[in-house]
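Keep in mind that the numbers below use all heavy atoms, side chains included, and drop hydrogens, waters and symmetry copies. All figures in this text were calculated on a predicted structure; none of them were measured in a lab. So you know, we letter chains A, B, ... as the sequences are listed, proteins then strands, and number each from 1.
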Amino acid sequence: MTAYILCFILFLVGLYGVITRRNLVKIAISLSVMELSTFLLFALIGYADGGVAPIVDPSNPAKVYVDPMPQALVLTAIVIGLATTAMLMATIIRLYRKYGTFDIREIKNLKG
Amino acid sequence: MNPLIPLFVAIPLSGAFIDMILGRFIKGFSRYFTPVIILALASMSIYSAATAGTNPSVYYVGGWEPVKGIPVGICMVMDGFSVLMLCIINIVGFLSAFYSISYIKRFTSDNFYYALFCLMTAGMNGVVLSGDLFNIFVFLEISVISAYALVAFGVEKNELEASFKYQVLGSLASFFILAGIALIYWKTKTLNIADIRETLKPGYDRPFYIFVELLILSGFGIKAAIIPFHAWLPDAHSSAPSPISAMLSGVLIKAAGIYLIIRLFFNLFEINESVAVLITTLGALSMVIGVFLAIGQWDIKRLLAYHSISQMGYVVLSVGMGMILISRGVRHEIAMLAIAGGLYHLVNHAAFKGLLFLNAGAIEYTLGTRDLKEMGGLGKSMPATSATSFIASMSISGIPPFNGFFSKIIIIIAAVMARFYFLAFLAILVSIITLASFLKFQRYAFYNREDAKVEKGIKEVPFPMVFSMVIMSLLCIILSLLAFPGIRDAILTPATDILTDPAKYKDLVIGI
């Protein structure tokens, strides 16, 4: 249970960062923290205490296996997260070239 | 096994790669190739609508059929509701791609544009066809990542800022959705929508699922820009190139947001009254606040973007009313009417909002401005744009005989019959304010002024743009036929049936 609570705290840390930071790159980092906490939650769900890799051993039916499904899903989600982060970073670089600053308070052309 | 189903994802996905590879060697290749493949998809979706509406089908990826009622592989489901969405996506997609032939000449590197366009179409087709939660997430990400890139396609200050906002909020939504999927998997150990529904036997952990429902609702609410989560939409939709605005507003917020909210809350979760009331309230809020935010706008595309929020409010409102009635277990036929009205408005909104954004693009293409105050007197020099935008404006404000009138009247009748008089009053009020707002748009853009300031050298936009706008305006008129009983039974009734009867969906996917 502690692991799940720590995972939730990590999510909140990321959320705090997204809300309070003024620097574009720091916002991106906070988003990555949130993302990783979600992945961690997903991986924890498949975890079984004392479990081994799920290669079925007929001689010992009492063995505990971890659930491989969340691991496969998290791998897919990590690849997607990579694409999102790359896209976000590319946007930040272009924003810096246009505005000459990373400060979110000075990037406010759009409103209303 | 319907062999057409995987093609809806495979064709645009491979089209994106072919665009990038061959477009490099043959000049102008992707410009003509992309509309052709999306036209093929559109004809396939119309064919499917004619056949699959009454006879839904399932495709098991890799041939992994369910074993003893337990699905082992990924499945893709084509039922009445998916087919409706496929038609919207591919027809609006084709018209936008065709429109882009002239429009995109303003930008460099059109290969990238068309490749991203194909990827976005592939992602949305995948979202509406998938019957598996995690697959939905993957396809959703494919479509929204391409949308992030397309919003920023102009790479000027405004576009980049809008895209950054969209990306931060969109990523936040993705984490909520992923956490929701993880929690569902934790409880049920399966990801298949029909199979998850099977595990919700009486006596299951209700409070846990309420939490998951709220997580999923806020995730998809951000993607669909329902009112408390709407901050990104006006920026993103007004900064994107116009054909992409038409795609985002006409299709993406529906496929990535509204479709999934409706699908998951009917076919996956058990409907309960508190969540249904919450959804109806969100719908009513976005309907009213969206239109009040729209009325003060002077930028055409921002005005249209705020109207998207408001019109999506109608859809969410009427589907929510249906959910309330179903959860109370009373007056099933009125619930069916409300849901059918919502889905009908969803289809209509794709037609008229797509058309309005294409009109805005045509005006921007000619004048180079989006400010209503600098326009005027375009009615004579751009007759096709003027006529089609008049049809679309009347359609969105609910003037007969255009399609918007029929769907709004169905929603209002359903609200009155279900005795939600206040909601019916709000729907009528919002419709009137919408009319006022679009009369302002018509007057300032097309009539108002006769002086020489904008007259010089203004002529009608090139043929591909006119063609797309005319076809869209014809759709606005033809879609009003859907209100008549015979046609409604063939197209809208299968969609509402599959939504209101989860057992039917389960039988379809898992088999009996």
Problem set entry | Side chain / backbone / both / neither for B:L293 at chain A, heavy atoms under 4.5 Å | neither
For this session: Quick one: sort the B:Y444 and B:W298 rings into parallel, tilted or perpendicular, breaks at 30° and 60°.
Result: perpendicular
Problem set entry | Check ion pair B:K373-B:D371 (N to O, under 4.0 angstrom) | no
Problem set entry | Top contributor to chain B contacts, counting heavy-atom pairs under 4.5 Å, from A:D67, A:V74, A:L15, A:I27 | A:D67
For this session: Using a strict 4.0 Å threshold on nitrogen-to-oxygen distance, state whether A:R22 and A:D103 make a salt bridge.
Result: no
Seminar exercise, completed: So, the part of B:E156 with a heavy atom under 4.5 Å from chain A: the answer is both
Exercise. What is the ring orientation for B:Y306 with B:H230, classed by angle as parallel under 30°, tilted 30 to 60°, or perpendicular over 60°?
Worked result: tilted
Problem set entry | Closest-packed option against chain B by number of heavy-atom pairs under 4.5 Å, given A:L24, A:L41, A:V18 | A:L24
Exercise. What is the minimum heavy-atom distance between A:A53 and A:Y65, and which atoms define it?
Worked result: O-CD2, 3.6 Å
Exercise. Where on B:F134 is there a heavy atom nearer than 4.5 Å to chain A: the side chain, the backbone, both, or neither?
Worked result: side chain
Problem set entry | Contact leader toward chain B among A:L95, A:L73, A:T38, A:L31, where contacts are heavy-atom pairs under 4.5 Å | A:L73
Problem set entry | Region of B:S174 that comes under 4.5 Å of a non-hydrogen atom in chain A | neither
Exercise. Name the one of B:S238, B:S249, B:S242 that satisfies side chain to side chain donor-acceptor pair (under 3.5 Å) with B:K301?
Worked result: B:S242
Exercise. For the candidates B:F137, B:F176, B:F164, which exhibits the highest count of non-hydrogen atom pairs separated by less than 4.5 Å from chain A?
Worked result: B:F164
For this session: Mind listing the closest non-hydrogen atom pair of B:L248 and B:A147 along with its distance?
Result: CD2-CB, 3.8 Å
Problem set entry | Contacting moiety of A:I92, where chain B heavy atoms sit under 4.5 Å | side chain
Exercise. Given a strict heavy-atom distance threshold of 4.5 Å, which part of A:I107 is in contact with chain B: side chain, backbone, both, or neither?
Worked result: both
Mind listing the side-chain donor-acceptor pairs of residues 2-10 of chain A below 3.5 Å, one per line with the distance, residues two or more places apart or on another chain?
none

Seminar exercise, completed: If one checks every heavy atom of B:A162 against chain A at 4.5 Å, the contacting part turns out to be both
